[in-house]
Amino acid sequence: MKLLLIIIFTMSSFTVLAKKSKKDTLYLKSLKHFQKEDYFTALETVARQYKYNTPDQNMQYYIEQLVGHTGTHFFNTFSDLELRKMNIPTTDLIMAKRNLYLRKFKYTHKRLKRMPKGHRLYAESLLVKGTAYLMAKKYMKAIETYKKCTENAFGWEKKTDNRQQNYFSVIKETCIINIARIHFKEKNYKQAIRNYENIPKRSFKWPYTLLEKAWAYYYTGNYNRSLGILMTYNSPLLESYFMPEAEVLKALNYFKLCLYEDALKVVDDYYTTFAPRSEKLKRMINGQGKKDLYFFDLMFSPISESEKENKFLRNLITQASKRIKYNLDLNSYYQMNAEIVRANKGANLKLLERMKRDLKEQINHYVKVSMYKFINEIHSLSTEMFNLKLEILSRKRDLAYKNRTFNKDRSRGDFKNIKREKNQEFWTFKTEFWADELGDYSLALSSTCKTRRISKNE
Amino acid sequence: MNKIIVLIIAFCCTFPVWAQKKKVIYKYKEYEKFDLGDLEIKGSVIAPGDISVKERRRKVFERDLLNREDFDKKIIDEIKFLR
């Protein structure tokens, strides 16, 4: 009996040793790839060993180092169980995000709890954590977390450069904007505006904040300021930022000032210019979109060509190309390509080609989703425009039935209609858009909402 | 004894009721004379043409116009667009 036990013990210890030595061999193999800067091969060599068991701390550190070079997309195809086994900050963040999308906030927090404060993904994890609080309606905690996120991202922004700096700057600004959005949600519009104004005009996020700021002004009743901000989208610098919602808001502002003709003009422009252009884009995408990796290739076509085909196409390509996800994925794509071209000894070219194809498909899908979302937005907002048009026609009919008309004639406004804060300066608009003035415009239209009875002589 | 007392009380009570009955005399209205020419009516005379009905209060049907409650969807989309 004793002999049997000894034999079993010896055999099991041999198996453990064999496994350990296999892992060590793979680690050494991976390290060689790492030294040759073949990061993708190195990661693939080592990561697949830990799908079902957790790596030790040294190995976790090594994998984190590799991910720093390859990007996190490698883990996108991992299941939740596999991610949990990996037990590194990168996979924790991916899992936290998955739980956030499923609205499982408890698990989001659980995953983020272990994120080290000095980690490069800490700022992003705070963004996710703040959002989990926001979605759970814990606004104070959300604001607190977003503030921490802003500070942390700012710290990293100062000590990094180029793409990394851009990434941290986007994280920082997203957290600031989200604080503004919480105030907006709580109807503290003035507070929201103050936070939106913390975004510098040179920022990639800035054009997107204009629309939200215009909404905040709309709800404070400052329709002139709201219209002025929306006018910024007409400047040549922001030509690529066409937002369908901005057109609806423009029409709503005119409607609130009882400038029905102006509102109807915006509605008609929407139907005669933008809706048909979007239809054309839809037809084009439906026709060409079935081609393999059509959207990926589209991102590399010259701007003049895409603009010739459809103006919206150019806008969408410009917007997508500035997003962080696209840039990170593209960076990984180029690195992967470089690894294939180098074709160092031991590089698994077949695997690298497969990974490259997978990444291309991811980018293709991402661009496709962005374009479809835009087209769907134009269509859903056209219903809003239709409702507004009906409302205007109904109001006009009511006035006619009551034999009334607006008190004032429609005029181009007066300076006295401009509401100004202490920190806002006043300059007249002379058909020129100056970069430093962008986003600070205000119209000076008078509200014509007071009505009077039409006299017999009119 | 008790019965006799009750009878006496009841007997006494019937007398006042009888004493209250009076003879009713009906009188018809005498002839009344109206001088229609002398009648005066106070107030203003309204011509039938001026009669008007107060305007009916119209029910105002307002359509639901676009309303922005929050940017929650955008917040999630932005996280998705990060990586």
Side-chain angles (χ1 to χ4, degrees), chain A residues 71-73 76 93-94 97 100-101 121 124 127-128 130-131 134-135 167 170-171 174 177-178 180-182 184-187 205 208 211-212 215-216 218-219 245 248-249 251-252 255-256 320 323-326 328-329 366 369-370 373 381 383-388 390-391 394-395 398 401-402, chain B residues 13-14 16-83:
Chain A
T72 57
H73 83 277
N76 285 358
L93 181 64
I94 297 172
K97 281 186 179 182
L100 177 74
Y101 305 150
L121 294 179
E124 192 176 332
L127 170 66
V128 175
T131 308
L134 166 63
M135 296 296 157
Y167 161 78
V170 168
I171 296 279
T174 308
I177 295 170
N178 285 354
R181 284 166 176 165
I182 293 174
F184 185 97
K185 196 175 181 179
E186 292 201 292
K187 302 191 193 309
K205 302 285 283 178
Y208 299 97
L211 176 63
E212 297 180 19
W215 270 113
Y218 171 80
Y219 285 121
E245 199 177 310
V248 184
L249 182 56
L252 279 170
F255 170 75
K256 288 282 180 183
R323 292 211 176 105
I324 290 290
K325 182 180 167 57
Y326 177 77
L328 286 176
D329 284 352
Y366 159 69
V369 167
S370 305
K373 262 189 181 175
L381 287 173
T383 319
E384 299 295 339
M385 283 295 209
F386 182 70
N387 270 342
L388 182 62
L390 281 182
E391 187 61 31
S394 142
R395 297 263 176 119
D398 283 351
Y401 279 176
K402 286 177 187 166
Chain B
C13 289
T14 51
V17 177
W18 285 346
Q20 276 177 5
K21 264 196 177 178
K22 276 183 183 173
K23 203 179 179 183
V24 181
I25 302 159
Y26 293 98
K27 268 192 174 180
Y28 292 95
K29 218 176 184 180
E30 281 178 25
Y31 174 72
E32 229 178 317
K33 191 182 169 185
F34 291 101
D35 182 0
L36 290 169
D38 197 34
L39 274 177
E40 195 186 329
I41 303 161
K42 281 181 183 173
S44 57
V45 181
I46 303 165
D50 281 350
I51 291 171
S52 59
V53 178
K54 208 178 168 188
E55 197 181 325
R56 178 174 64 90
R57 196 171 167 185
R58 281 175 173 274
K59 170 92 183 128
V60 181
F61 291 99
E62 280 186 5
R63 281 158 197 88
D64 286 334
L65 300 176
L66 183 64
N67 195 24
R68 255 282 178 206
E69 297 275 333
D70 54 50
F71 296 99
D72 287 2
K73 215 169 159 273
K74 257 191 182 178
I75 292 173
I76 293 286
D77 278 348
E78 278 176 0
I79 292 179
K80 282 183 185 170
F81 284 159
L82 271 177
R83 57 180 74 240

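By convention in this document, chain letters (A, B, ...) are assigned in the order of the sequence lines, proteins followed by strands, and residues within each chain are numbered from 1. As a basis for the values below, the full set of heavy atoms in this structure was taken, side chains included, without hydrogen atoms, waters or symmetry mates.
- Here the side chains of B:Phe71 and A:Lys185 are not in contact, with every heavy-atom distance at 4.5 Å or above.
- Contact annotation for A:Met135: only side-chain heavy atoms (C-beta onward) come within less than 4.5 Å of a heavy atom of chain B.
- Salt bridge present: A:Glu245 and B:Arg68 bring a charged side-chain N and a carboxylate O closer than 4.0 Å.
- Around the OH atom of A:Tyr101, the shell of radius 6.0 Å holds more than 12 heavy atoms that belong to other residues, nucleotides or ligands.
- Contact annotation: the side chain of B:Leu65 never approaches that of A:Glu384 to less than 4.5 Å [non-hydrogen atoms, C-beta and beyond].
- Shown here is B:Asn67, whose CG atom has more than 12 heavy atoms of other residues, nucleotides or ligands within 6.0 Å.
- Taking the side chain as every heavy atom from C-beta outward, B:Leu66 and A:Leu381 approach each other to under 4.5 Å.
- When each of B:Asp72, B:Leu82, B:Ile76 is checked for heavy-atom pairs under 4.5 Å with chain A, B:Leu82 comes out on top.
- Options A:Tyr326, A:Phe255, A:Tyr219 differ in how many heavy-atom pairs under 4.5 Å they form with chain B, and the most are formed by A:Tyr219.
- To the nearest 0.5 Å, atoms OG1 (A:Thr131) and CD1 (B:Ile75) are separated by 6.5 Å.
- If you measure heavy-atom distances from A:Leu390 to chain B, the contacts under 4.5 Å come from both the backbone and the side chain.
- The pair B:Glu78-A:Arg181 counts as a salt bridge, with a side-chain nitrogen and a carboxylate oxygen less than 4.0 angstrom apart.
- Take B:Asp77 and apply the side-chain hydrogen bond (donor to acceptor under 3.5 Å, both in side chains) test, not counting sequence neighbours, and it matches A:Lys373.
- Ring centers of B:Phe81 and A:Tyr366: under 6.0 Å apart, within the cut-off.
- Of the atoms belonging to A:Asn387, heavy atoms from both backbone and side chain fall under 4.5 Å from chain B.
- Both the backbone and the side chain of A:Leu388 come within less than 4.5 Å of a heavy atom of chain B.
- Interface residue A:Leu134: only side-chain heavy atoms are found under 4.5 Å from chain B.
- Rounded to the nearest 0.5 angstrom, A:Glu186 CD and B:Asp70 CG are separated by 11.5 Å.
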